[in-house]
Amino acid sequence: MDESATRLLQRIVRRTPTEKLKATLEKWDRLTAAQRRSVDFTEPKWALIEKLVDACKENEFKMKHITELEMILVIENPNQGMWYTFQLVDPEDDAQSVDLLQFQEQFKSHLRELKRNVSVKIKKHTDQAVWIRIAWGDSFSRPNHLKPTYVVHQLQSPYIFVSSLTSKLKPLLLQALTFSTRHLAIKDANLSGRKLTAIRDLLMKEYQQVFPTKYPSPLAENNQTLSNLNIEREHAEASANRHRMAGEAFGDGTLPELQFAVYKMETKFKDPTNVAMTERDEPFRCVVKFSSTNLLESLRHCAASGLASTPVTPLLSSIPLKGRNYFVITDNAPGAASRAQQPQI
Amino acid sequence: MEQTNASVTRTPLDSVAVKRKSKSRSYRQSYRSCLGVASRLGLTPARRLTTNRKAPESHNITRQVNPEHLALLVKNEWQLAYVTPLHQFRHTQLRSYARHLSAFVVAEKQQGLAVEVSGLQNGFKASMTVVQGMSEADDDPETVLIQIHSKPLFSRPDDPQKLVWSGWLTCINGNPEYLHSLPKDFTCLPLFVYKGAENLSSLVKSWVQRTFDCCFGPLELSQTSLQWLAALWTNCHAESNIQHLRMLWTLPSAPPLQVTYAVDPHDVWELWGSVRKGSWGDGAGEARWIDLEEVASFMQSLKSHFYRHFKLDLSAGILNQVSTALGSARFNGRIKISNSAYVITTLTLLTECALLKMPI
């Protein structure tokens with residue numbers, strides 16, 4: 001085992017919680033039964049690292065074995081780091097028939113044509129997704145396995161999720177992906193987040209989207225005067241209405257965990273009490289960012305509780321509807337209402 | 001206060017206007033509002049936030065203040081606190097105060113150590129200096145800078161000492177009525193800005209508290225103060241580019257929703273101009289006053305533009321932070337002043353907040 005492989009192994013062990021490490025090592029299934037028995041997970045990390053490095057040296061493991069361990073970890077814990085979404089467009093006639101073997105070969109050869117010294121590892125996961133790990137090097141240096149890029153793609157779907165990609169390498173990767181999936185172009189899908197599963201669910205609409213048409217209104221208590229009852233009924237109706245509309249805009253049940261949404265706005269400032277600004281020709285430029293631990297949940301709560309007026313504005317309901325969290329907003333015609341337009345990238 | 005009696009039937013604001021005309025010294029004008037009302041309510045003069053204040057002017061204090069002190073103030077983010085008036089504090093005795101403070105810090109740090117570690121004796125060295133030129137009105141007591149230097153535990157004897165803690169006791173444009181009303185033995189430096197290790201901060205506070213019989217309290221910035229800062233900074237855009245006006249709101253949804261609202265500097269400046277009444281434009285005039293009403297309508301305009309698009313009412317949440325290239329201020333009392341030209345303006349507002357916060 002060379003030095004860089006040892007360093008990668010050390011880092012993996014150091015960064016992984018012991019519980020997770022135990023499960024991952026079992027899944028990896030590269031250590032002998034005796035070696036596995038000798039590893040004591042109650043020991044401190046540094047002792048654990050020492051023991052595992054020794055075991056791997058004993059088995060004469062190479063970098064590829066260690067990257068395999070890393071891939072298992074990343075695939076099992078997809079909700080780390082920042083994931084960006086790209087969308088394949090203009091499929092060629094044979095795009096639907098690309099299989100894993102073909103894609104694998106094509107992708108590796110395309111990428112190697114574009115860049116020397118890249119190390120690519122491809123693994124098919126049980127949920128049909130293809131996981132690609134790319135370690136980048138250049139003409140003079142060997143691939144850097146400490147800063148790999150991860151790509152997740154489900155064959156025949158238009159979406160590709162990428163994490164840890166520098167802007168310099170982005171065009172190369174996108175080009176290789178476009179060619180090997182038999183498409184003509186690829187574009188930014190304007191969706192990003194910390195949780196891969198969440199942004200994938202949002203795009204594939206794989207979350208509960210049952211839109212109820214009726215809500216039971218709460219039962220009124222009997223011993224109240226009639227006028228109170230009426231007021232309460234009215235309140236209950238308004239509240240039920242808000243809940244319905246919040247559900248219609250964002251869906252019910254658990255929502256995919258998005259962390260933020262960004263709106264770049266260049267719209268006219270309109271205020272009947274402020275003539276100077278309303279008559280101004282230039283738009284009012286601002287950037288609005290909403291963030292929360294679960295953005296869609298927060299927005300739904302805002303609408304349901306009355307913090308936000310209902311019906312929910314299309315600007316906000318576009319997030320789940322269009323599966324995007326980056327928007328550029330301009331007035332489509334002078335005096336007309338604003339709408340979401342194609343972002344300028 | 002005979003004028004106040006004459007105008008009992010008027011609204012408080014009217015009486016403010018009447019009184020303003022009667023006085024001539026401009027820096028006192030901002031406190032007019034509280035006088036009219038406060039005297040009738042029997043309150044001390046400092047107890048209300050002013051409803052109008054002078055538009056910020058860039059003060060070239062670089063000429064007056066030691067550039068080293070200014071650089072220290074400008075490059076860092078500071079925590080804010082208020083201090084009640086200091087009893088028997090003398091600007092002339094700073095040297096001996098510093099000696100006492102050093103001894104106090106060292107003694108406290110040694111508590112719990114079984115053996116006296118001789119290295120610690122020289123471990124902390126406090127210094128206290130008057131910051132020349134860091135005052136505005138004649139009544140303001142001079143600003144005092146407290147610094148604590150320390151040597152890392154395992155350093156060589158010739159290593160230079162490192163600055164580990166600094167704090168300022170200051171009063172910029174303090175309410176003159178209030179300052180005059182204090183008994184002779186008290187010095188009012190109500191604003192305490194500091195940064196450094198938490199335990200050193202509490203040591204310094206407890207030493208000052210014991211020595212000058214005063215007390216400290218956290219200075220949080222109210223919604224109004226943050227809005228004032230947003231308006232005051234925006235007002236500077238013509239002279240000094242503010243880059244952006246960024247406001248951070250938190251809405252009480254579950255889970256909480258954070259809204260960052262960043263506006264283009266030129267557009268926000270024009271919006272500010274459109275809500276200004278009267279004096280906008282004729283910059284040379286003496287009447288460059290900013291009114292709380294203008295600040296409120298500025299904020300309302302920003303909120304209504306937001307509402308028009310997102311149907312979300314920002315008034316339901318709290319304004320947590322405002323920032324521009326000139327500085328940033330947070331609800332929890334952390335502030336950064338990035339441009340030395342507007343130090344005085346910002347500290348004037350903060351002095352006022354500190355005076356308001358003080359339990360009297």
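None of the values given here were measured: they were computed from a predicted structure.
Residues A/Trp83 and A/Arg194 approach most closely at CD1-O, 3.9 Å, considering heavy atoms. Of all non-hydrogen atoms in A/Ser192 and A/Phe260, the two that sit nearest each other are OG-CZ, 3.4 Å.
With a 4.5 Å cut-off on non-hydrogen atoms, A/Arg300 does not touch chain B at all. Interface residue A/Ser291: backbone and side-chain heavy atoms are both found under 4.5 Å from chain B. Only the backbone of B/Pro256 comes within contact range of chain A, with heavy atoms under 4.5 Å apart. When heavy atoms are compared at a cutoff of 4.5 Å, B/Ser301 approaches chain A by way of both its backbone and its side chain.
No hydrogens or angles considered: a donor-acceptor pair under 3.5 Å links the side chains of B/Asn339 and B/Ser240.
B/Lys195 has no carboxylate O lying under 4.0 Å from a charged side-chain N of B/Glu77, or vice versa, which leaves the two without a salt bridge.
Annotation: maximal heavy-atom pairing with chain B below 4.5 Å, among A/Pro314, A/Ser298, A/Ala308, A/Ser309, occurs at A/Ser298. Contact count against chain B (heavy-atom pairs under 4.5 Å) is highest for A/Leu307 among A/Thr293, A/Asp271, A/Val275, A/Leu307. Of the listed residues B/Leu271, B/Val268, B/Asp313, the one with more heavy-atom pairs under 4.5 angstrom with chain A than any other is B/Leu271. Of the listed residues (B/His305, B/His244, B/Met247), the one with the most heavy-atom contacts under 4.5 Å to chain A is B/His305.
Using bins of under 30°, 30° to 60° and over 60° for the plane-to-plane angle, the ring pair A/Phe327/A/Tyr263 lands in the parallel bin.
Of the possible polar contacts, one joining the A/Lys45 side chain to the A/Thr16 backbone as a donor-acceptor pair under 3.5 Å is found.
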